[in-house]
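This report concerns only the one structure given below.
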Amino acid sequence: MNIATVIVDVPALGTDKEFDYLVPKKWLGVIEPGMRVAVPFGPRTIQGFVTGLKIDSPFSNKLKELKEPLDLTPVLNEELLALGEWLATDTLSFKISCFQAMLPAAMKAKYEKRFRRINMEDNPFLDELFKGQTEISWKTAEEQNILQAIREEITKGNAEVIYDVKSRARKKTVKVYQTIMDNENILALFNSLPSNASNQKKILEYVLKVQSDQYTAKELSETGAPQSSIQGLVKKGVFHEKSEEVYRDPFEHKQFARTSPLPLTIEQNEAITPILSTIESEQYETFLLYGVTGSGKTEIYLQSIQKVLDKGQEAIVLVPEISLTPQMVDRFKSRFGDDVAVLHSGLSIGEKYDEWRKVQRKEAKVVVGARSAVFAPFENLGIIIIDEEHETSYKQEELPRYHARDVAIYRAKHHDCPVILGSATPSLETFARAQKKVYHQLTLSKRMNNRELPYVSIVDMREEMRDGNRSMFSRELHEKLEERLEKKEQTILFLNKRGHSSFMMCRDCGYVMQCPHCDISLTYHQYTNEMKCHYCGYNTLVPDTCPECSSNHIRYFGTGTQKVEEELYKIFPEARVVRMDVDTTGRKGAHEKLLEHFQSGNADILLGTQMIAKGLDFPNITLVGVLSADTMLHLPDFRASEKTFQLLTQVSGRAGRHELKGEVVIQTYTPEHYSVEYSGMQDYNRFYHQEMVMRKVGSYPPFYYLTLITISHEDLMKTVSTTEKITKYVQSRISDEAIILGPVASPIPRINNRYRYQCLIKYKHEPELKPTLQKVLEHYGQQFIKEGLAISIDVNPYMMM
DNA sequence: AGCACGCCGACT
DNA sequence: GTCGGCGTGCTC
């Protein structure tokens, strides 16, 4: 077993396979599958993942030795290695991308090049090049414009290139001092020290008092003694100095009051029983925990996890990034303390790495995190929970385009443990599977303590307009806001901005500012006074006059949170408003601060976008206002109705979760739309049935699976003809049952000066589709790169743009 | 992806 | 005649 198979860090078609390397004698028995290694690859050295060991290779005549391991223990276990392979086939991605997706970003390799002088003989030219040193970094050489000269020396054999493979983040360490001298000798030393060694005496005094096995550098220096005195005692054999890894703890200065399990309601009890029994019998099963907002789903999660921990197993909890709020984390930290590791995008690369290491070293038993936490390297998983199961953020939009739900089910089958999908508004796919008994449905139909769902009123904004109210607040919302301000109760105002942001339009000629590189209108950003393109980053200053007709009647349209805030101050000058959007939450921790500010009663109104729709649970909120319910109904997306219904229902659920009764006002221009109407009635079932009819008629999920192929190129004709060719090829290899839409222009027909065409395949069962698509990638791959074509294949897409 | 090898135009 | 442009193909 001295040959290792390695997947190398080159995400390309030709290299997406195992390469064989000899394991050097000194690493025999050390190198194991799942480890990262540095390997020579062509002329350079790169990172790779060992996937296996074997005794011979078809390349035995040209095998190279691998350079060194980059880990002491494997970072991917057997399960995760297999999962990576499966993921690569399932999502048509490169294996290396899948492996990297499973690990914290800190473990992705960073490559650096440097030059080393070999010829040490007297040579003024070489001395000059290397500035008298033996090595010079590639970067410095480049800056000083001596790359060419050095390259010549390399061909002459006077210098060589060294390729470094480095990790992005280092472990954070502190110096600790272990006591290696016994008390008696310390006392003797203390007495023998001359009187001017007062600092050393101070330390010894402290040591004799505390009597610990080891001390941190910080603790010793707090005695007032300088570093040099500590070193002196190390020399005298009192301490042994060593470095110890410490974790960067994002919650270091936070106290969590311990909570105990709460008594369950009859409904909760009925729901948790089957979950506990699958944990007990170690069986795979997927549950849909369908419970209205405020029905106590989290307590079911917590008690199920408790059961798993009692059995000595581990748990993964996935939460959408947007609702991974301090509130949510607190609930888990309070119940399970240090057993909890948290993984989300708010942490620095180093912090994420440390949380991951806690899991790897089995120091944490519960992971709470966003999408990628589904890959947590547990070996004895007892449960996987996906909260707000319907959230689209569980699908990764970059390669590998995986869905956390699919990965969770794959892992649960491997570990013989349950998956819990929790939601008040399940995705149609999930609910349909529960109806077909593929998933086991558990229902919580009542709010905790039988609290009523809030009263929802839907306001037709067209009528407001007809009656001469041109404000963005309907009369009803205005009245109710006034009422809350008087009663000192809190309000959430929700602005649905997705799919409808501020743009610039000339009122004289109707000109709308477009991005010169993409077929999309530019977005107005008030705080920088710029027009920006969200797709390519293009930006320009806001013009004073219309670039088309020079009129100065150029205005911006659309409602931003800032504009709402200004208007609020006009109508209610005394109201204290907290605004939450990308502008006010940009800085780290800002999100948390704003929420705390609101929670402590220092504000009357919380105004925000998507990010305030989920998970907030404040007792004093009695009014929720949705300013514009239907802005995303008109997006080119078959899930638009579903998303609208979910969002409205979720945001309504923020009201009246405690003693005070809640009210919701939804303002809309399309009150007759079923997703608005049924969310007002909080009636998921009727929405589900209506939406299923629409999906059936349109041949969309859950009746059909989808795969979206997008082709892009700088030349329009080339884009169209290639998409045509590929569509025909795919069509010829799959059955007539499949429906193929396209080629058609993408909803955004041009991004960054590249034209985009797509082809949508709808199918029920096409075993030949994946292999065909794989062939498309392999066959056209070389040609594509050569001709500047780009292809993207998204299996089960969530973004149709 | 990188990097080397290799085959044709503008310079000393 | 050579330097160097980037097209082509390989990496165990």
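A note on names: the letters A, B, ... follow the listed sequences, proteins ahead of strands, and every chain is numbered from 1.
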(message) Rounding to an integer number of Å, can you tell me how far A:Tyr163 OH sits from B:dC3 C1'?
(response) 7 Å

(request) Please report, rounded to the nearest Å, how far the P atom of C:dC10 is from the CZ atom of A:Phe59. (result) 12 Å

(request) Could you tell me whether A:Tyr21 contacts a base, only the sugar-phosphate backbone, or nothing, with contacts defined as non-hydrogen atoms closer than 4.0 Å? (result) sugar-phosphate

(request) Rounded to the nearest angstrom, tell me the gap between atom CD1 in A:Ile154 and atom P in B:dC3. (result) 11 Å

(request) Nearest whole angstrom, please: distance from the C1' of B:dG2 to the CZ of A:Phe19. (result) 13 Å

(message) What is the distance, to the nearest angstrom, from the OH atom on A:Tyr111 to the P atom on B:dG2?
(response) 9 Å

(request) Among the candidates B:dA4, C:dC12, B:dA1, find the nucleotide nearest to the side-chain atoms of A:Val10. (result) B:dA1

(message) Among residues at least two apart in sequence or on other chains, which ones pass side-chain contact (heavy atoms from CB on, under 4.5 Å) with A:Met717?
(response) A:Asp715

(request) For A:Lys62 and C:dC12, give me the distance from atom NZ to atom C1', rounded to whole Å. (result) 6 Å

(request) Let me know which of A:Arg117, A:Arg114, A:Lys113 forms a salt bridge (Lys or Arg N to Asp or Glu O under 4.0 Å) with A:Glu135. (result) A:Arg114

(message) Against the six-membered ring of A:Tyr111, is A:Arg44 placed for a cation-pi contact (under 6.0 Å from the centre, within 45° of the normal)?
(response) no

(message) Just the rounded figure in Å: distance from P of C:dC10 to CG of A:Asp16.
(response) 18 Å

(request) Measure distances between side-chain N and O atoms of A:Arg44 and base N and O atoms of B:dA1, and say whether any donor-acceptor pair falls under 3.5 Å. (result) yes

(message) Applying a 4.0 Å non-hydrogen cut-off, can you work out what A:Lys113 is touching in the nucleic acid: base, sugar-phosphate, or nothing?
(response) sugar-phosphate

(message) Just to be sure I understand the rule, does A:Pro58 reach a base, reach only the sugar-phosphate, or reach nothing, if contact means heavy atoms closer than 4.0 Å?
(response) nothing

(message) Assess whether a salt bridge exists between A:Lys362 and A:Glu379, defined as any Lys/Arg side-chain N lying under 4.0 Å from an Asp/Glu carboxylate O.
(response) yes

